[in-house]
Trainee: 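Supplied in structure tokens, the structure appears directly below.
Heads up: numbering here begins at 1 and tracks the sequence. Numbering of ligands and ligand atoms starts at 1, following listing order. Predicted model only: the values in this text are computed from it and were never measured.
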Amino acid sequence: MIDPWSSAILNYEKLIREFGIRPFQDLLVNLEDPPLLMRRGIIFGHRDYGKIIKAIREKNSFAVVTGMMPSGKMHIGHKLIVDQLVWYQEKGADIYIPIADMESYSARGIDFEESRKLAIEEYITNYIALGMDPKNKNLHIYLQSKNKIVSDLAYKLARKVNLNEMKAIYGFNGSTNIAHHYVPLIQVADILHPQLKEFEGPEPTVVPVGPDQDPHIRLTRDISERFQKKYGFITPSSTYHRFITGLTGKKMSSSNPKTAIFLSDSPEVALKKLKSAKTGGRDSLEEQKRLGGVPDDCVVYEMLLYHLLESDVELKKTYQNCLEGNIMCGECKNKATVMIKNFFIALGQKRKSSKKSAKKLLNHD
Ligand code: SF4
């Protein structure tokens with residue numbers, strides 16, 4: 001069982017084997033210009049993504065839904081979702097971003113006003129600073145607690161879901177609060193509501209998530225089939241991305257600041273943090289020259305892979321040089337820290353100018 005509210009590290013291969021998630025790599029040949037995250041296997045799995053590829057190729061409408069749960073500061077690992085949204089926006093998708101203030105309240109006890117503030121000042125500001133176009137007419141950002149269409153739909157869908165099913169999917173028990181039981185239904189409605197007639201649906205919909213969110217996807221897909229006749233839902237697709245490793249080698253988490261580079265960090269702090277990150281280097285220079293480093297076990301390399309190095313050729317060179325012991329960690333880290341500093345200088349400037357648009361975007365809804 002996968003718990004979407006825990007921060008456990010998941011075994012990706014096992015997910016593919018046991019939960020029916022398909023390898024994404026097999027689809028790459030069908031995409032004209034796959035973005036970095038797809039090319040490099042960071043998006044590793046999918047359900048039914050063929051429908052989305054078809055919509056992209058035939059220039060038909062499709063929707064992307066991905067929520068944000070305001071529960072703390074955003075770290076650089078959260079950038080993965082924004083990178084995907086930016087790409088989908090370029091492809092002409094209808095983008096829906098529910099702000100999961102109801103989930104934040106039921107799972108973390110964060111009240112609605114605080115969620116709203118966090119969503120504007122932290123999440124939406126960063127999304128815009130990272131490249132999301134706030135003026136795109138196909139962008140819809142809303143607070144779950146304020147969206148009557150979503151809450152009405154959730155209530156209607158709940159008619160065909162029972163407690164035993166929720167227990168089996170989420171491991172809920174007798175002491176789970178009722179709000180927590182209900183909130184997954186809101187998420188199902190978040191994902192399915194773009195397919196309602198009011199939104200000119202149905203249309204293929206994809207939900208890019210971390211694999212820990214797969215229980216919501218499975219529930220949504222099942223429910224969409226139960227209501228297929230009534231609403232004409234097209235069963236939603238999903239993609240799954242790997243999580244970035246934290247600076248210490250554990251999962252990067254906002255609640256464990258030692259593991260994370262926050263998007264609101266200054267360039268100097270980001271640089272310092274990356275400098276102290278765990279590498280796949282050997283105990284001595286002599287050993288590293290002789291045996292080579294282990295890039296697959298290196299946080300610095302991962303940062304290049306996920307975020308800092310655009311060029312696949314350069315990345316491959318770094319990987320090879322590391323493996324063959326041609327490059328030492330000090331030199332490699334220095335290059336990466338210059339890149340991260342520049343990235344954070346640019347991001348900091350964009351964050352300043354994004355705050356106003358972030359406010360407007362949410363107040364508009
Ligand atoms: Fe990591 Fe670079 Fe050291 Fe290789 S040389 S282990 S990629 S820091």
Trainee: Give a yes/no on ligand 1: does Gln288 have at least one heavy atom closer than 4.0 angstrom to it?
Mentor: yes
Trainee: Could you list the atoms of ligand 1 found under 4.0 angstrom from a heavy atom of Tyr301?
Mentor: 7 (S)
Trainee: May I ask you to check if any N/O/S atom from Cys332 comes under 2.8 Å of atom 2 (Fe) of ligand 1?
Mentor: yes
Trainee: For the residue pair Lys350 and Ala129, what are the closest heavy atoms and their distance?
Mentor: CD-O, 3.2 Å
Trainee: What atoms of ligand 1 come closer than 4.0 angstrom to any heavy atom of Cys322?
Mentor: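 Here the atoms of ligand 1 in question are 4 (Fe), 5 (S), 6 (S), 7 (S).
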Trainee: Under 4.0 Å, heavy-atom basis, I'd like to know which part of Lys333 is in contact with ligand 1: side chain, backbone, both or neither.
Mentor: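 Neither part.
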Trainee: Please determine whether a side-chain nitrogen of the Lys or Arg among Asp101 and Lys146 lies less than 4.0 Å from a carboxylate oxygen of the Asp or Glu.
Mentor: no
Trainee: Out of all atoms in ligand 1, which are within 4.0 Å of some heavy atom of Gly280? Include the element for each.
Mentor: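 Here the atoms of ligand 1 in question are 6 (S).
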Trainee: Got the closest protein heavy atom to atom 3 (Fe) of ligand 1, with its distance?
Mentor: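 For atom 3 (Fe) of ligand 1, the nearest protein heavy atom comes out as Cys329 SG, 2.3 Å.
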Trainee: Is the ring centre of His193 less than 6.0 Å from the ring centre of Tyr96?
Mentor: yes
Trainee: What's the shortest distance from atom 1 (Fe) of ligand 1 to any protein heavy atom, and which residue and atom give it?
Mentor: Cys298 SG, 2.3 Å
Trainee: Can you list the ligand 1 atoms lying under 4.0 Å from a non-hydrogen atom of Gly281?
Mentor: 6 (S)
Trainee: Would you call the rings of Tyr240 and Phe44 parallel, tilted or perpendicular, where under 30° means parallel and over 60° means perpendicular?
Mentor: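 Rings of Tyr240 and Phe44: tilted, as their planes differ by 30° to 60°.
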Trainee: Is a donor on one side and an acceptor on the other found under 3.5 Å between the side chain of Asn147 and the backbone of Gln144?
Mentor: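 Checked: no pair found.
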Trainee: Charged N to carboxylate O below 4.0 Å: is that the case for Lys317 and Glu314?
Mentor: yes
Trainee: Go through the steps to decide whether Glu198 and Lys148 satisfy the test salt bridge (charged side-chain N to carboxylate O under 4.0 Å, His left out), and finish with yes or no.
Mentor: CA-CA 13 Å; Glu198 293 97 303; Lys148 174 102 170 81; over 6 Å; no
